[in-house]
Amino acid sequence: MKIKNILLYSLVISGALLTSSCRKYVEIDQNDKRTLKTTDDYRYLLNNKGNFESSFVLPLITSDNIAADVALSASLAWGEIYQRAYLWNDYFYIDNQQDIAWNNLYKHIYIANEILAGVMGSQNGSDAQKLNIAAEARVHRAFAYFSLANQYAPIYDPTKASSQQGLPLLLTPDLFQSLSRVPLSRVYEQIIEDLNVAIENLPNFPTFNYHPSKIAAYALLARVYLTTRNFEESGRYADLAMALDPTVYNLEEFTAATYPRLIDDKEVLLSKLSAGFIRGPLNPDLVALYDQNDLRLKMFVGTDPNTYKGYVYIKPQSNGNFNYNAYIGLSTPEIYLNRAEVYARQNNVSKTLEMLNLLRKKRFSTSKYVALTAADVQADLLQYVMDERRREFVGTDLRWYDMRRLTLDGNYFKPVTRTLNGKSYTLQANSPRFVYPINQEVLTLNPEIGQNPR
Amino acid sequence: MKPRLLVLLFCLFTYAGGYAQKKVSLSQALGEVSRIYGTKFSYEEGLIQNAFIDSELIPKNKRLPVESVLKELLYANNFLFLYVQNNYFTIIRDSRNNKGQDGDDRFWKVISGVVKNNEGVPLVGVTVIADGYAVRNGVTTSSDGRYTLRMTDPAEALIFSYVGMEPQRRVIGSHNQINVSMSEVVHVLQDVEVVSTGYTQLPKERATGSFGTVTAKQIQETPAINILERIQGLVPGMYVDPRNNAIRIRGINSFGTGGTPKDPLIVIDGFPMAENVDASFSLTGKGTTQSSGGAILSRINPNDIESITVLKDAAAASIWGAKAANGVIVIETKKGRNMPTSLSFGTSLSMAAPADLNKMDRMSSAQYIDLEKQLFEEGFIGDNILKNDWDPFNSNKPHSESMEWLFRVKRGTATEQERDAALAKLAATDNRDQIKDYLLQNAASQQYNLSITGGANKSTYFVSTNYSKDVPVFKSNKAESFTTTVNLTNMLFHDRVKIGTGINYNYGNSITNTATINALSSNPYSGGLLPYNLLRDENGNNIRRYLQFRPEVAQDFEKKGYLDWAYNPIEELETGNYDDQTHRLRMHMDINTKLTSWADLSFMGQWQREMNNQENIDDVDSYSLRNQINQGTTFNDRGNYVYGYPLGGRLGIRNYNGSQYMFRTQLNVNKAFGQANEHNLNFLAGAEWKQNDYRSSSDVYLGFSEDTYSFAVINPRGSYTNIYGWSDYFSSNASIAKNRSRALSYYSNAAFSTFKGKYVFSGSVRFDDFTVVGASRGQRAKPLWSVGGKWDAKKETFLKDAVWADALGIRITYGVNGTLPQSAGRVIVINTSNDLISNEVTADIVSPANKQISWEKVKTFNIGLDYGIWNNRLQFNFDYYTKRSSDIIYDFPFNPTYGWTRVKFNSSTMEGNGIDLGVKATWLQSKVKWNTLFNFGYNTNKVTDSRFINPTRVLDYINASVPIVDNPTDYMYAYRWAGLDNQGRSQIYKQNGEIVSADAPATALTVDDLVKVGRTTPPYFGGLFNTFSYKDFTFGVRISYELGHVLRRLSVQNYPDYAPYSGAIGLQSDLALRWRKPGDEAITNVPGLSREGYQYNSLSRYANSDALVISGSNVRLQQIDLAYNVPFKTLENTPFKSVNVSGSVRNLGLIWRKNKDGIDPTYRTLNSYSNLPPSPTFFVTLNMSF
């Protein structure tokens, strides 16, 4: 063979190599690892409970549902962060300790932002599917901002909310945007806007309760307006939610049978879980609020004679194991109690009683149930509603938010004093400790966020 | 050998014509010789062109030695043949015919002399030729060993060569007489003359890179089943860790978090071995965890290996591109040779006793009871006889036997006398003999190998089968492997086209049973035995214990009709067998077409397939199933059982089906040119396509019956009520995965050697492109390159005659290798899976879109020195290298407000450097032969990224969880131990000598108070191999060493550090040394029991203090072997060609260790059985060929 031929061969071969679509050869789709491309890819993100469920835990310990004095054994079981939060300390975290609530909630926001930034331009999906996915993402984002605002931002005061320091408001998934805070009113505007935009593209009820639905959005709006003290609107959204006929379990059914697990729990409208668990001990004042026949006292509350030496919260699990995360999402009883509170604030006794009895009927065995009458609540209608909220919302974050709201309601807020390891602190209505400190590590990386006043 | 300026003509391909002709050409005749004997020849072009010989002289078989045949063929035509190396001759014209011509002045010089062997006996027929440029004068010695050489042209030296003797070169200078004493060739340490990069075979003298080679013979010297044991210590700089099934070549190149692999690439017959799912490579199927049962599965038959080449530096490895940064191991399997069929059979059997349980780090029964007494007295453990409020029955875990006696007295159900008698009896009981008898067995292995090789006219073949079986010390465990290899070569179209075909099938099967491993664990609730827990009573009946509930509670259930709830490890040996079967098939074909005498084109393809089936069966009789079923069993209203958890066994299956194809087309050029072909160009270029894909699925079947192979259908979203009265939920255990990835590469490699190889230049370049989600082509496909040079100083005139250097060469290379990030990219990467409860498809975001992600790069510089002295009987190969890794991907802290606490950036750097030194020596080579191979590797690295400066958290140092600038990646820091205080709690010195008590919080110690104790991987490591032989006996001693690293000794685990304490209590012997009373702090470092808080600090500071840091340096005697080669004379009238018998002992233990605590540092990191060094293993090996 001649050299000429070799050169010819080489040229043919190398030419073939370079001109064929070699790039295409390696650019093939992967089954398990892919980038966000199709509408389904975005749907999968929302299907993942892990992306939006685990949220925060400290409101369960900073609220007065926990006893003012805890046994050493209990505080040791809590660990340092809970101990500091229990005393509303100046700081909660040291060294590289992470603020799990801040991290989780902003991660929810990031994923929601990622979905909102890309879903409308995704492939192979109908507009209806895309709008529904975007709507779910907006509800998750609204829930996360609401939770953040009630932990890391001041108590919402309608008279000065536009000058109150809010939160870093991230609405796109950009990793390098400014983290300066926006006014608190702006945060709530965004929450309300997200929910309102979402509602029309959501189904009335979800397939699984970790998917946002119309009723969950109504319930959250009722809660948000209660927080912004727009009681009229709160009542309106509670009514809209009630019009969809939410389920409240008759607890008597579960005295013998097993309580449904979270995914099957029809009372849960949007499933969120606490990030970590708190066993107790519960405040004796709270336990004293229950009627002895109240089934919630048996089913939501238990006793632990060892570590916690008193009552502990056990609602989600009836298997004796307390070490589970609490349900802190949206639930059907909240709709009735939000409506009740609005009626009470409007001094509508009969309507308030109607709402309360709708719920209470399901919380006692039929034989022991006695309907509330006007005489029972005449001492202080709002106080009675607030007590019912405490009874129903034991072991959730809602009591902490109610405590914050009540500081604007004069005597309805009672200062809380706590002692631990020889340190004592009283939480007054005007205390800056109602706002959680921002983790120093977050501030070190982005000082423009600014620490909350301590 | 000295390279000669001859055209190398491999006559293998020469067509042999009919035998009927009376005269045939000499070249044809030589071709026949090559075919029959496998002999190679070299001669000047045209030298034998017109020579013809009698066709009768052509041999038909191998009856005569090849030298006799050659004498017949060549002497008649006035040719001489000179021995070059084994079965390789050069042919020259015999110049003795000039003898008798007039006058010495016609010649440049006439030299004479005598050639004798070591013992002074004259050697007849020694070839003497002049060594010089194009000088071809030569003679052979006469019957008295004398010679006279008349040289027509000037020459520098004479070369003496003789079959079986080391060739010698003598400088002529002004001598007229040169007498020579020749000595026998030492074959033992013969060099591999070519190195294989997987893409090409390169003569070693033209290789600029740093290569390590292992020969088939070296692999055969170790009889172990595990191939890692066979190659351990043989290549300087290659750290082989058979215990963890890992190989590291020249340390690691990355500390990053980008999923960068650390394993070298393994190439077999020119193609990478199929990767596992996790993209790692391994030569054996040994599980790295104890729970695998520890049996070895061979993935490759050690007897099939012709050679292993380890590519260590950039020039060597860059041809393999993006996966080569960690080095490449190139394995060539044996090919057939053109010779009559030869059959060989080998077998090796081994036996080892279980490790000595008396050396186990465990308290005695008395010490354990003593610990429980203290726990009881100080109220650490509460009684469990009463049920908890929330339970329908007493669901407490049972007490240990001794603890139960202590409580009986407290409850008033036993007297103190009864208790003391019972405890004394327990204290005198030791279960080690029973464990050894009933749960352990002698480890044994068997290997059988049969191979047939040969070739005729146009084809050669190599066929082998191998079976190996490994039985570890744990009963009911074993592994079997079966491997078949077929390698064929065919020449077609007048030898234009050569087709190589290879088929390899490997089957592995392992059976795992965890009963023994569980029994030896320290967790009593999973079956761990306390020191006094016997397995059988004196009547030989199994002792059965309750693990879940107190005996009376469990028996109560049993009376109601529940399944037997008791546990005995001996019974478990039969009930749960995990069967893992793997089939691996590898087929490749290489079609090589000659374009010219110096260029050829190859088309190569390989297809690999791996099928793995696992069947994990837990019988209904197994404890775990009985326990599970019982807990799921209730009664309905009519008193019938309701088996919420299906009554029956459990079958877990996993199927993996992976395949890989590769296709390659490659042009090879090997062209000599220049005056007398003194220059040579070796060039190749090619392209390669590759696809990996796999599908795997798994599922679990409940209610399984092995007899009928039936199962119970369950609703994966369903639930059942358990004995505690609450609900347990099923969930789907099925999984399925599938994936496919591709790679595309273009590569080229060139070596140019000038002036007979005095200077060599090499270069390589490669483009790799992979399937990576989210990476643009610009990020994926990057060029990798290397350049290298070599100077063979010995070929310089001024060194040619230097006696102080028989070989001297310097190699320098520099190049870039890369590693592709696996877990970060410019676009979002999501992982999808299924929610097992809702059955929805779910996704999570693995990494955010990061616009700054690219490759990790490793730049390697290597300088090597090759030196030989004493007729090359002492050879040194020295390499110094530096590696600079840049763009290492690391997740840096990020503001969680953006949704990520850490984000990956590839911006970190590290440096490494090291030394590889190999020494080969032939100390004695007469009757007694003594050879030594000594390997030494040194490797260190340091992080150079200044962002890793000064972590402020003490725990970051203690846990070595973050890289630190100027520190190696494997640093270890410790607290400065200040002894115990008078409460039996840890004290730590601060830097200024101040003592920090256990009460002090973590913040009391700062990073300055820590002491840097060293590195955790051995910086210095290697092996020393000595072989002695006398007549037909060979004796070998193999030693390996690891020096300069430290480790934390395991002292106490599961120490009761809070009260009330529940759970397993550690069994380590150090627990018996715990502080008991004030004053003990003078004699012990082990903290005492304390009910007070802060025990966690006390214990973790003790565990991480320098008091427990010991040196890991050790020298280990790996193997002693003695082999006997049955002499040829004895075999003359038998069908055997060779017979070799050998015996070896492996795992002989430490020769030296630096630590004074009596701890074998290789075996101390885990608790229970695996902290024991293995006991010696005895091998008997027989090899024979027909």
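Letters A, B, ... mirror the listed sequences (proteins, then strands); counts begin at 1.
- A distance-only check finds no donor-acceptor pair linking the side chain of A/Asn47 to the backbone of B/Glu840 [under 3.5 Å].
- The most heavy-atom pairs under 4.5 Å with chain A, out of B/Val669, B/Thr897, B/Leu955, B/Thr721, come from B/Thr897.
- Of the listed residues (A/His108, A/Arg43, A/His211), the greatest number of heavy-atom pairs within a distance under 4.5 Å of chain B belongs to A/His211.
- Side chain of B/Asn895 to main chain of A/Val442: a donor-acceptor pair is present (N/O by atom type, distance under 3.5 Å, no hydrogens or angles).
- Interface remark: A/Asn439 contributes no atoms to any contact with chain B (heavy atom separation under 4.5 Å).
- Only the side chain of A/Asn51 comes within contact range of chain B, judged by heavy atoms closer than 4.5 Å.
- With hydrogens and angles disregarded, no donor-acceptor distance shorter than 3.5 Å links the side chain of A/Asn48 to the backbone of B/Thr842.
- Neither the backbone nor the side chain of A/Tyr42 comes within less than 4.5 Å of any heavy atom of chain B.
- Contact annotation for B/Thr901: only side-chain heavy atoms (C-beta onward) come within less than 4.5 Å of a heavy atom of chain A.
- Under a 3.5 Å cut-off, the side chain of B/Tyr898 and the backbone N or O of A/Gln177 do form a donor-acceptor pair.
- Here A/Leu170 is the residue among A/Asn104, A/Leu170, A/Ile109 with the most heavy-atom pairs under 4.5 Å with chain B.
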Review point. Given the rule in the side chain to side chain contact (heavy atoms under 4.5 Å, CB included) test, do A/Leu45 and B/Asp844 qualify, once you have shown the distances and angles that lead to the verdict?
Key: CA-CA 6 Å; A/Leu45 286 175; B/Asp844 64 286; 5.5 Å; no
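- In terms of the side chain to side chain contact (heavy atoms under 4.5 Å, CB included) criterion, residue partners of B/Gln691 (sequence neighbours excluded) are, by chain and number, A/Tyr25, B/Tyr661, B/Asp693, B/Arg740, B/Arg742.
- The nearest pair of heavy atoms linking B/Pro896 to A/Tyr106 is O-CB, 3.5 Å.
- Between A/Ile111 and B/Ile845, the closest side-chain pair of non-hydrogen atoms falls below 4.5 Å.
- Remark: B/Asp600 pairs with no residue by the salt bridge (Lys or Arg N to Asp or Glu O under 4.0 Å) rule, at least two apart or across chains.
- If you measure heavy-atom distances from A/Thr444 to chain B, you find no contacts under 4.5 Å at all.
- Residue B/Asn722 does not touch chain A at all, counting heavy-atom pairs closer than 4.5 Å.
- Residue contact with chain B, scored on non-hydrogen atoms closer than 4.5 Å, is absent for A/Leu167.
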Practice item. Begin with the C-alpha distance, continue with both residues' side-chain angles, and end with the deciding distance and a verdict on side chain to side chain contact (heavy atoms under 4.5 Å, CB included) for B/Trp900 and A/Leu175. Key: CA-CA 9 Å; B/Trp900 296 92; A/Leu175 292 185; 3.8 Å; yes
